There are 2 protein chains.
Amino acid sequence: MTTSVRERVRAEVIGEITAAARRQLAEVGAAALSLRAVARELGMASSALYRYFPSRDDLLTRLILDGYDALGAAAEAADDPSAPPRERWLAVCRAVRNWTRAHPHEYALLYGSPVPGYTAPRDTVPAAARVGVVLGRILGDAARSGALPAAAGRARDPELVSDDAVAVLGGEHPALDDAVRLRALLAWSSLFGTISFELFGHFVGSVEDGDRYFDRVTDELAALVGLGRG
Amino acid sequence: MTTSVRERVRAEVIGEITAAARRQLAEVGAAALSLRAVARELGMASSALYRYFPSRDDLLTRLILDGYDALGAAAEAADDPSAPPRERWLAVCRAVRNWTRAHPHEYALLYGSPVPGYTAPRDTVPAAARVGVVLGRILGDAARSGALPAAAGRARDPELVSDDAVAVLGGEHPALDDAVRLRALLAWSSLFGTISFELFGHFVGSVEDGDRYFDRVTDELAALVGLGRG
DNA sequence: CCGCAACCGAGAGCAGTGCTCTCGGACAAA
DNA sequence: TTTGTCCGAGAGCACTGCTCTCGGTTGCGG
């Protein structure tokens, strides 16, 4: 378990590579990210880079992991557990949007088209879930504080909403049934659907004031999951 | 205005090129679509292809246009104007999803990350709007047939929902104010947000039965815009 | 009917890419 | 000190988008 000096410098080099790659990603986007270019930026031969990443896709996977982490951290940082649930919801949504607007290419890498021939999303799932975890915790806290309307007590349906998702979305509680959990999943995907449409230009011609539109949308989504509306 | 024989054969060649490109797109995706490969498939030199498309991006733009057209046609074909509004809404949503599942790479090209350094979406807007037009017409018909609840009569705000969007979303009607139009825009983007999450793998671990989940989601969205729920 | 001009296909070539292989040097462990 | 593992560099392969030039065909105007 001792980290030899070789491992240390190796980890350091990996850090430099990912940092340079992240810069390139932010500048030119994932499609134009070139392994040789990051090698040039680091002053090393392109072949040397393969000692640390087996392929370009592995480098991108690393960037995806880091991106999910950064976005999740932004969401967590924006959540003040002492605030009322609806305010927390709006604040987290706004923080997510702000991050995506500051890192559009990272966002496209995370939530745009999968880059290669369907990269295995298995190991990225936990990192990708962090925003969902934050939103789910808000929902659960609201339920436990009695801020949620009574649920109809719909029967559980593990194929519709998996047990894992239930655990994330506040756990078991009388105020939470599959109907509100489904609406929570819908709100989650709608949040990113709205952001994608904005960043990818699908709202051109329909929405001018993106800031106010987004605020109104998150308000609707808060109402959809039972957190009331402003 | 006479189409000379030269123009005719030229248009024919362009058709063959786009057809071959579309096949390639369906197989390997937009990122791996190679100009030289389509030239090979057509048995011509790669340089000859540049007589018809100035660049690879122009070919992709053409495929994007065609994709929007095909998706829009599928949505229109699924809309039976004599059916009740809610049924029409559900049918169109389902048709959109079915098309995207049959053409995942085309969908990724349309609604995934913009491919080059932000292609100008100006000329693609009318083609991209077709699904929105279908959904908007359903909303307008519902309003005119009195199937929509009374609106609060919120003041118009052209920066929030543009005049063009108003024209698409059923036009002016007492049952339609900016609040329901905003919810219609939200439903529109949520439809594609849901599809994107499903196709791009973000629902892995949360939703097993995608078919039933999608039906429930479209039901929620129908309720959101005032078409009632099942 | 013929000549000209526009058009078009093919080939070579350039710069760039991801990736592999081999070689030589440096450094840690025995 | 020797040994073996690791690592960087260079050459090279197959591929890409794209340009340029050359030669042939073909359709149109005189």
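Because the structure is a prediction, the values reported are computed rather than measured. Residue numbers begin at 1 in each chain, while the letters A, B, ... track the order of the sequences.
In this structure, of D/dA9, C/dT17, C/dA10, it is D/dA9 that holds the atom nearest to the side chain of A/Ala48. Of the candidates C/dG9, C/dG18, C/dC27, the closest approach to any side-chain atom of A/Ser34 belongs to C/dG18.
The interatomic distance linking A/Ile14 (CD1) with D/dC7 (C1') rounds to 13 Å, in whole Å. In this entry the distance linking OH of A/Tyr50 with C1' of C/dT22 reads 17 Å, nearest Å. For A/Leu35 and C/dC19, the CG to P distance is 6 Å, given to the nearest whole Å. Between A/Arg10 atom CZ and D/dT5 atom C1' there is a gap of 12 Å when expressed in whole angstrom units. For the pair A/Arg56 CZ and D/dT16 P, the interatomic distance rounds to 15 Å; values are reported in whole Å. Note: CZ (B/Arg40) to C1' (D/dT16) measures 10 Å, nearest angstrom. In this structure, CD of A/Glu16 is placed 14 Å from C1' of D/dG8, rounded to the nearest angstrom. Atom C1' of nucleotide C/dC19 and atom CG of A/Leu60 are separated by 15 Å, given to the nearest angstrom.
Judged by atom type and distance alone, B/Arg36 reaches the base of D/dG17 through a side-chain donor-acceptor pair under 3.5 Å.
The shortest side-chain heavy-atom distance between A/Asp215 and A/Arg212 does not fall under the 4.5 Å cut-off. In this structure, the side chains of A/Cys93 and A/Phe214 come closer than 4.5 Å at one or more pairs of heavy atoms. Contact annotation: the side chain of B/Arg130 never approaches that of B/Tyr68 to less than 4.5 Å [non-hydrogen atoms, C-beta and beyond]. Looking at heavy atoms from C-beta onward, B/Val28 lies out of side-chain contact with B/His105 at the 4.5 angstrom threshold.
Both A/Arg51 and A/Ser55 sit near DNA chain C, but only A/Ser55 has its closest nucleotide nearer the 5' end. Mapping A/Leu49 and A/Ser46 onto DNA chain D by nearest heavy atom places A/Leu49 at the nucleotide closer to the 5' end.
Side-chain contact annotation: A/Thr100 with A/Tyr111, donor-acceptor N/O pair under 3.5 Å absent.
When heavy atoms are screened at a 4.0 angstrom cut-off, A/Leu59 is found touching no nucleic acid atom at all. Residue contacts for A/Phe53: at a heavy-atom cut-off of 4.0 Å it reaches no nucleic acid atom on any strand shown.
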